[in-house]
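To keep things clear, I will list the structure first and then write my remarks on it.
Only heavy atoms go into these numbers, but all of them, side chains included; no hydrogens, no water, no symmetry mates.
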Amino acid sequence: MTDLVVVSLERWDEVWRRNQHLVSGLLRDDPALRVLFVEPPDDPLYALRRGARPEFGRRPRAISGRLHAIRPVKWLPRRIDPAADERIERAVVRAAARLGMTDPVLWINDPRAAGLARRTGWRTLYDLTDDWLAADRPTAETRRIREGEEWLLAHATAVVACSAELVRRKRPGRADIALVRNGVDVAAYRAPHPRPHDLPSGSVALYLGTLHRDRLDVDLCVRTAAALGGSATLVLVGPNALDDADTARLHEAGAVVLGARPRDAVIGYLQHAEVLLVPHLVTAFTESLDPLKLYEYQAVGRPVVATPVAGFREAAGDRIRLADADEFAAVTLRTLADAAESPDSGPDPVAAADWSQRVAEMRAVLAGAESR
């Protein structure tokens with residue numbers, strides 16, 4: 001493979017997610033590969049309405065010698081500017097052409113980008129990481145997601161899903177969906193890291209992940225932080241997509257919201273927490289996930305308390321304790337007490353899947369797509 005255009009749901013930044021791990025591994029293993037990484041478009045008017053600082057896109061930029069990124073911009077709402085998506089698609093095509101990409105493979109995470117596949121005719125991989133049709137979204141957005149996904153399931157050259165549940169749900173629309181789960185850099189997560197300077201002193205019960213109401217049970221976090229009292233601190237590490245009211249409630253309950261941290265830095269937070277938490281909602285949406293944090297938590301080997309969500313439910317055992325919302329705080333307190341008696345739990349004896357294995361699986365799927 002020589003050229004790949006990746007339409008992502010996330011920016012290429014210091015907080016690494018599935019496609020950054022996979023893309024970096026593919027680049028490492030294939031010295032001929034070139035990648036154009038398409039970030040979600042900036043929406044300056046939407047940012048202004050939310051009271052955030054507006055951003056206005058970014059021209060193609062080199063992240064490394066063979067990896068470039070572009071961030072388009074959506075100037076007006078689609079109801080006012082029906083051609084907004086066409087302009088974004090043309091910007092991506094122009095960026096690929098400037099890099100000399102004449103016949104790339106298109107890797108789509110965002111089903112709303114199906115129009116780019118229709119416009120270009122490029123061989124397309126649809127990578128399903130979440131069931132966005134099960135998420136709480138406005139009617140118009142859900143319609144766009146549904147239309148895009150239906151087209152991709154019918155026309156994409158190859159389709160991949162990160163969880164067996166996603167394969168099951170989408171199989172009526174596509175019989176040959178490949179399963180490529182998430183993973184972790186096992187060696188990095190098991191190498192000792194220093195305690196981060198901003199991690200509170202004393203015992204810590206820590207959550208790692210994006211703070212978003214699609215997944216995070218904010219009410220449960222507030223109750224757990226309050227229940228810990230002075231015996232421990234609830235710490236949340238990851239990009240904060242909560243509104244100001246939710247963030248204030250967490251602070252008032254005694255939680256510490258640290259925000260996003262670079263991919264290598266998060267390892268120290270995990271290793272130096274007494275207990276790791278998964279206070280997730282159990283919904284049709286979260287049931288579709290293969291949580292990255294499952295592999296990260298297993299690799300560092302700390303005790304875990306989780307609501308009975310997909311991934312953690314199947315892995316429950318000595319290291320992973322399940323608790324519903326009513327029992328979560330009490331189980332967390334008991335697990336903290338147990339960890340104080342036996343603080344050196346060490347790496348999880350369950351072998352965590354390394355990203356190198358997942359990269360090999362994705363490379364095989366992409367090779368099949370390229371040959372068609």
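With sequence neighbours excluded, no residue forms a salt bridge (Lys or Arg N to Asp or Glu O under 4.0 Å) with Arg146. With sequence neighbours left out, the salt bridge (Lys or Arg N to Asp or Glu O under 4.0 Å) criterion links Asp103 to Arg123. Not a single side chain to side chain donor-acceptor pair (under 3.5 Å) links Arg195 to another residue, sequence neighbours left out. Every salt bridge (Lys or Arg N to Asp or Glu O under 4.0 Å) that Arg90 has, sequence neighbours left out, goes to Glu86. The salt bridge (Lys or Arg N to Asp or Glu O under 4.0 Å) test applied to Glu39 returns Arg61, Arg71, not counting sequence neighbours. Residues that satisfy the side-chain contact (heavy atoms from CB on, under 4.5 Å) test with Asp217, not counting sequence neighbours, are Asp219, Leu220, Leu281. Partners of Ala96 by side-chain contact (heavy atoms from CB on, under 4.5 Å), not counting sequence neighbours, listed by chain and number: Val5, Leu36, Met101, Trp122. Applying the side-chain contact (heavy atoms from CB on, under 4.5 Å) test to Ala135 and every residue at least two apart in sequence or in another chain returns Trp132, Arg137, Asp214, Phe285. By the side-chain contact (heavy atoms from CB on, under 4.5 Å) test, Glu165 is found to be paired with Ser163, Arg168, Arg169, residues two or more places apart in sequence or in another chain being considered. Residues satisfying the side chain to side chain donor-acceptor pair (under 3.5 Å) criterion with Lys74, sequence neighbours excluded, are Asp43.
No donor-acceptor pair under 3.5 Å is formed between the side chain of Thr210 and the backbone N or O of Pro239. For the pair Arg313 (side chain) and Pro308 (backbone), a donor-acceptor distance under 3.5 Å is present. For the pair Trp355 (side chain) and Gly183 (backbone), a donor-acceptor distance under 3.5 Å is present. Between the side chain of Arg17 and the backbone N or O of Val15 there is at least one donor-acceptor pair closer than 3.5 Å. Of the possible donor and acceptor atoms, one in the side chain of His272 sits under 3.5 Å from a partner among the backbone N and O of His193. Asn109 places no side-chain N or O within 3.5 Å of a backbone atom of Ser8 that could act as its donor or acceptor partner. Thr124 places no side-chain N or O within donor-acceptor distance of the main-chain N or O of Thr157, the cut-off being under 3.5 Å. Between the Arg119 side chain and the Val93 main chain, no donor and acceptor come within less than 3.5 Å of each other. A side-chain donor-acceptor contact under 3.5 Å links Thr307 to the backbone of Val278. Of the possible donor and acceptor atoms, one in the side chain of Arg319 sits under 3.5 Å from a partner among the backbone N and O of Gly301.
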Cut-off 3.5 Å, no hydrogens considered: what does the side-chain donor-acceptor table look like for residues 322-332, sequence neighbours left out?
residue	atom	partner	partner atom	Å
Asp324	OD1	Asp326	N	3.2
Asp324	OD1	Glu327	N	3.1
Thr332	OG1	Phe328	O	2.9

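A salt bridge links Arg144 with Asp85; the closest basic N to acidic carboxylate O contact falls under 4.0 Å. Checked for salt-bridge contact, Glu141 and Arg112 meet the test: a charged N lies under 4.0 Å from a carboxylate O. A salt bridge links Asp246 with Arg213: the closest approach of a Lys/Arg side-chain nitrogen to an acidic carboxylate oxygen falls below 4.0 angstrom. A salt bridge is defined here as a Lys NZ or Arg NE, NH1 or NH2 lying under 4.0 Å from an Asp or Glu carboxylate O, and Arg18 with Glu10 fails to meet this definition.
Counting only heavy atoms from C-beta outward, the side chains of Val300 and Leu276 approach each other to under 4.5 Å. Within the 4.5 Å cutoff, the side chain of Cys221 has heavy atoms near those of the Leu236 side chain.
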Practice item. Please assess Trp75 against Asp81 for the test side chain to side chain contact (heavy atoms under 4.5 Å, CB included), listing each intermediate value before the final yes or no. Key: CA-CA 8 Å; Trp75 293 103; Asp81 180 15; 5.7 Å; no
Exercise for review: Would you sort out whether Leu45 and Leu76 count as a side chain to side chain contact (heavy atoms under 4.5 Å, CB included), showing the intermediate values?
Suggested key: CA-CA 7 Å; Leu45 286 181; Leu76 294 169; 3.9 Å; yes
Point to revise | Evaluation steps, side chain to side chain contact (heavy atoms under 4.5 Å, CB included), between Gln298 and Val184 | key: CA-CA 9 Å; Gln298 286 181 318; Val184 65; over 6 Å; no
Point to revise | Test log, rule side chain to side chain contact (heavy atoms under 4.5 Å, CB included), inputs Lys170 and Glu149 | key: CA-CA 10 Å; Lys170 307 305 177 180; Glu149 180 165 287; 2.7 Å; yes
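If you look at Tyr126 and His155, their ring centroids are not closer than 6.0 Å.
Between the CD atom of Glu296 and the CG atom of Asp185 there is a distance of 10.0 Å, given to the nearest 0.5 Å. Annotation: the span from Asp136 atom CG to Thr283 atom OG1 amounts to 10.0 Å, rounded to 0.5 Å. Between the OG1 atom of Thr129 and the CG atom of Asp290 there is a distance of 10.5 Å, given to the nearest 0.5 Å. Going from atom CG of Asp29 over to atom CZ of Arg363 covers 4.5 Å, rounded to the nearest 0.5 Å.
Residue Ala117 comes nearest to Trp151 through the heavy atom pair CB-CZ3, 3.7 Å, listed as atom of the first residue, atom of the second, then distance.
Residues near Ile88 contribute nothing to a hydrophobic cluster around it, because no ILVMFWY side-chain heavy atom sits closer than 4.5 Å to its side chain.
A donor atom on one side chain and an acceptor atom on the other are found under 3.5 Å apart for Asp198 and Tyr269. Between the side chains of Asn19 and Asp127, not a single donor N or O lies within less than 3.5 Å of an accepting N or O.
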